[in-house]
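Presented below is the structure to which this report refers.
These numbers were taken from a predicted model, which means no experiment stands behind them. To find a chain, count down the sequence lines: A is the first, B the second, and so on, and within it residues start at 1.
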Amino acid sequence: MVTQIISTMETQVSNGPTSNSSLPNGPLISANGATDDSKTNLIVNYLPQNMTQEEFKSLFGSIGEIESCKLVRDKITGQSLGYGFVNYVDSNDADKAINTLNGLKLQTKTIKVSYARPSSASIRDANLYVSGLPKTMSQKEMEQLFSQYGRIITSRILVDQVTGVSRGVGFIRFDKRIEAEEAIKGLNGQKPLGASEPITVKFANNPSQKTGQALLTHLYQTTARRYTGPLHHQTQRFRLDNLLNMAYGVKSPLSLISRFSPITIDSMTSLAGVNLTGASSAGWCIFVYNLSPEADESVLWQLFGPFGAVTNVKVIRDFTTNKCKGFGFVTMTNYDEAAMAIASLNGYRLGDRILQVSFKTSEEFVKTKHGAI
DNA sequence: TTAAATT
């Protein structure tokens with residue numbers, strides 16, 4: 001059965017900066033001499049699995065100067081654990097990052113940006129797995145049931161993707177491990193008010209502790225698709241049409257869009273005499289035109305992030321006014337994702353403006369180089 | 001019928 005998470009119901013409890021300082025900004029020094037980063041250090045959760053450290057830094061660096069950042073990875077496999085930390089130089093930028101990037105949709109995920117709690121053993125392993133919940137119980141009701149044992153950081157109920165009905169399974173993350181322990185003692189094997197069956201409450205599995213078999217399966221799945229054979233010739237022709245349409249900002253049927261490799265594009269475009277500079281070792285550069293003067297980088301992340309791996313965004317600004325000059329660039333790693341973003345966003349209405357989105361051509365390169373736009 | 005939250 002396919003499942004999904006009720007991400008829109010994600011509990012938005014702010015981890016909250018510890019309120020032990022009256023100083024406004026900058027690196028704060030506490031009585032014991034340690035730097036207080038409670039107002040600058042953020043934890044970012046629900047990152048896409050394939051997001052790299054560079055993409056992570058690029059996304060959060062678009063807000064302000066970063067003191068340090070880290071995408072947390074599995075020590076053995078190097079796989080992303082789906083979360084990371086960003087410590088800004090200025091606490092105002094940390095605040096801005098929460099306001100502009102929390103809830104940002106990146107591929108299939110909705111990221112969460114909140115203040116990191118001070119690291120401590122007492123907050124680890126405070127996550128509970130709950131099963132046997134009445135199908136009618138809402139996330140809010142589940143929280144009410146558990147909140148008597150402590151402060152809840154997050155809660156979720158898993159639902160069937162097709163029907164949307166609860167699977168009777170959920171997660172509760174407490175602030176402290178002791179709170180989670182008390183909740184198990186108090187609620188495991190108990191019937192919620194009005195329920196016919198008792199619930200099971202136990203510590204959740206740590207997702208980073210995979211079995212060897214699961215790791216092998218994962219490795220196979222993530223490497224196998226890189227070695228797929230060449231595309232059928234007939235298919236390539238349709239895709240060339242599609243490419244040419246998109247390179248010049250012409251709407252094309254979505255049905256023609258599917259995956260093909262940068263190598264295929266390079267050979268085809270040189271044959272067709274098209275000068276596409278969108279392709280490079282860094283990824284696929286996309287030209288976005290008709291942005292408002294107030295546009296900033298977060299707009300580009302919001303627009304393109306849902307389509308796949310975005311490595312960089314850039315709003316071109318006037319040197320003196322610092323206002324957007326009406327255009328920007330987005331770099332995406334994978335061709336098919338970039339193509340889908342272009343097909344979907346070209347002609348898209350953003351406020352009172354119609355966006356023009358295409359692969360970057362040498363034409364834009366010349367225009368931007370000479371500042372002609 | 002367990003999803004990536006403490007460096």
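- Under 4.0 Å is where a charged nitrogen must lie from a carboxylate oxygen, and between A:Glu182 and A:Lys185 at least one such pair does.
- Rounded to a whole Å, the CG atom of A:Asn127 is 8 Å from the C1' atom of B:dA5.
- Within the structure, every side-chain polar atom (N or O) of A:Arg173 is placed at least 4.0 Å from both OP1 and OP2 of B:dA3.
- The CD atom of A:Glu143 lies 9.0 Å from the CD1 atom of A:Ile157; values are rounded to the nearest 0.5 Å.
- Comparing B:dA5, B:dT6, B:dA3 by their nearest atom to the side chain of A:Leu158 picks out B:dA3.
- Atom C1' of nucleotide B:dT6 and atom CZ of A:Arg177 are separated by 15 Å, given to the nearest angstrom.
- Here A:Phe171 counts as stacked on B:dA3: its ring centre is under 5.5 angstrom from the base ring centre and the planes meet at under 30°.
- Regarding contacts with the backbone of B:dT2, a side-chain N or O of A:Arg167 is found under 4.0 angstrom from either OP1 or OP2.
- Taking a cutoff of 4.0 Å between a charged side-chain nitrogen and a carboxylate oxygen, A:Glu197 and A:Lys191 do not qualify as a salt bridge.
- In this model, the phosphate group of B:dA5 is not approached by any side-chain N or O of A:Thr154 to a distance below 4.0 Å at OP1 or OP2.
- Whole-Å rounding puts the A:Leu71 CG to B:dA5 P distance at 12 Å.
- If you check B:dA4, B:dA3, B:dA5 against the side chain of A:Leu81, the one that comes closest is B:dA4.
- Taking atom CG of residue A:Asn50 and atom C1' of nucleotide B:dA4, one finds them 13 Å apart after rounding to whole Å.
- Comparing B:dT6, B:dA5, B:dA4 by their closest approach to the side chain of A:Arg156 singles out B:dA4.
- Between A:Lys75 and the phosphate of B:dT7, there is no side-chain N or O to OP1/OP2 separation shorter than 4.0 Å.
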Test A:Phe203 against A:Tyr129 for ring pair (Phe, Tyr, Trp, His ring centres under 6.0 Å), laying out the working first. CA-CA 6 Å; A:Phe203 282 109; A:Tyr129 171 78; over 10 Å; no
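- Within the nucleic acid shown, A:Tyr83 comes within 4.0 Å of sugar-phosphate atoms alone, with no base atom in reach, counting heavy atoms only.
- Put simply, CD1 on A:Ile172 is 14 Å from P on B:dA5, counting in whole angstrom units.
- Atom CZ in A:Arg151 sits roughly 13 Å away from atom C1' in B:dT6 (whole-Å rounding).
- One can place CD1 of A:Ile111 at 14 Å from P of B:dA4, the figure rounded to the nearest angstrom.
- Taking the ring centroids of A:Phe287 and A:Phe329, they lie under the 6.0 Å cut-off.
- Closest-nucleotide positions on DNA chain B for A:Leu47 and A:Val86 were compared, and the one nearer the 5' end corresponds to A:Leu47.
- No engagement by A:Ser131 is indicated, since no non-hydrogen atom pair under 4.0 Å with the nucleic acid exists.
- A distance of 8.0 Å separates CD1 of A:Ile286 from OG1 of A:Thr331, quoted to the nearest 0.5 Å.
- Between the side chain of A:Gln79 and the base of B:dA4, no donor-acceptor pair under 3.5 Å is found.
- Side chain A:Arg124 to base B:dT6: no donor-acceptor pair is found below 3.5 Å.
- Residue-level contact check: A:Lys202 touches the bases, meaning some heavy atom is under 4.0 Å from a base atom.
- One atom, CG of A:Asn205, and another, P of B:dA4, lie 14 Å apart when rounded to the nearest Å.
- Distance from the side chain of A:Ala204 is smallest for B:dA3 among the nucleotides B:dA4, B:dT1, B:dA3.
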